[in-house]
Amino acid sequence: MNSSQPLLRRLLINRPLHLSTTSTSTSTAHYSSTPTPSAMKPGTPIPGLTSIYPPSKDPSNPTAPTALPRSEYPSWVSQLAEAPPTLAKLRNMKMEEATDKDMRRYLKLVRRNLIKENNAIAGI
């Protein structure tokens, strides 16, 4: 192995992406287009923020933030509730369907496993 090559290139050469090119499923996207159900009903005061927003003495003017309808939040907020793809899903994903985000996550998980293996060998 040539150590003058960048780490990312060495990882891709030594541990290639196990992305199948002949998958039987039509789509393996991990993001759903269906809206995620709201955890709180709109208008519910958000608990735990009383130290930041003290309660108002005027009941007609509450200062504590309240939950809004899901449509009021930006689209990226809904993605926070979705679980990221696992290493097994990334290994089975077609190379053509993998986004840059998927590739970065794959490399992150592979590196994490390599560190864990090396620590196990070293007895750490």
Side-chain angles (χ1 to χ4, degrees):
M1 172 172 60
N2 186 358
S3 62
S4 65
Q5 292 179 338
L7 177 64
L8 182 63
R9 182 165 173 76
R10 287 192 315 242
L11 284 173
L12 287 174
I13 291 172
N14 295 333
R15 290 183 181 242
L17 293 173
H18 300 287
L19 302 175
S20 64
T21 55
T22 58
S23 178
T24 57
S25 65
T26 57
S27 174
T28 58
H30 55 275
Y31 296 110
S32 172
S33 61
T34 59
T36 307
S38 179
M40 295 179 155
K41 293 182 179 179
T44 306
I46 301 173
L49 298 178
T50 55
S51 62
I52 299 171
Y53 301 99
S56 174
K57 294 181 181 179
D58 182 16
S60 65
N61 184 16
T63 58
T66 58
L68 300 173
R70 181 65 74 170
S71 60
E72 297 284 329
Y73 293 103
S75 62
W76 60 267
V77 174
S78 296
Q79 294 176 354
L80 295 175
E82 297 174 5
T86 62
L87 182 58
K89 285 183 182 180
L90 292 170
R91 284 185 173 155
N92 293 329
M93 189 181 291
K94 284 188 192 178
M95 183 79 138
E96 297 82 29
E97 292 178 0
T99 63
D100 288 340
K101 187 175 181 180
D102 294 334
M103 298 287 261
R104 284 193 309 266
R105 176 147 176 87
Y106 173 81
L107 291 174
K108 175 184 173 182
L109 295 175
V110 166
R111 286 187 204 117
R112 181 182 296 165
N113 283 344
L114 184 62
I115 290 170
K116 286 182 179 182
E117 288 173 10
N118 290 339
N119 287 343
I121 292 171
I124 296 177

- Query: Roughly how far, to the nearest 0.5 Å, is the CG atom of Leu114 from the CG atom of Leu107?
  - Reply: 12.0 Å
- Provide the closest heavy-atom pair for Arg105 versus Pro85 in the form atom of the first, atom of the second, distance. NE-O, 2.7 Å
- Query: Arg112 versus Leu109: any side-chain heavy-atom pair under 4.5 Å?
  - Reply: yes
- Message: When you compare the side chain of Val110 with that of Asn113, does any pair of heavy atoms fall below 4.5 Å?
- Response: no
- Task: Count the heavy atoms belonging to other residues, nucleotides or ligands that lie under 6.0 Å from CG of Asp100, then report whether that count exceeds 12.
- Result: no
- With respect to Met103, which candidate in Lys108, Met93, Met95 satisfies the side-chain contact (heavy atoms from CB on, under 4.5 Å) definition? Met95
- Query: Between Ile46 and Thr66, is any pair of side-chain heavy atoms under 4.5 Å apart?
  - Reply: no
- Side-chain heavy atoms of Met40 within contact of Pro47, under 4.5 Å: yes
- Message: With a 3.5 Å distance limit and no angle check, can you tell me whether Asn119 reaches the backbone of Lys116 through a side-chain donor-acceptor pair?
- Response: no
- Task: Answer yes if Tyr73 and Leu80 sit in the same cluster of Ile, Leu, Val, Met, Phe, Trp and Tyr residues linked by side chain heavy atoms under 4.5 Å apart, and no otherwise.
- Result: yes
- Do Trp76 and Leu68 share a hydrophobic cluster, counting only Ile, Leu, Val, Met, Phe, Trp and Tyr and linking them when any side-chain heavy atoms are less than 4.5 Å apart? yes
- Item | Spatial distance of atom NZ (Lys89) from atom CG (Leu87) [nearest 0.5 Å] | 12.0 Å
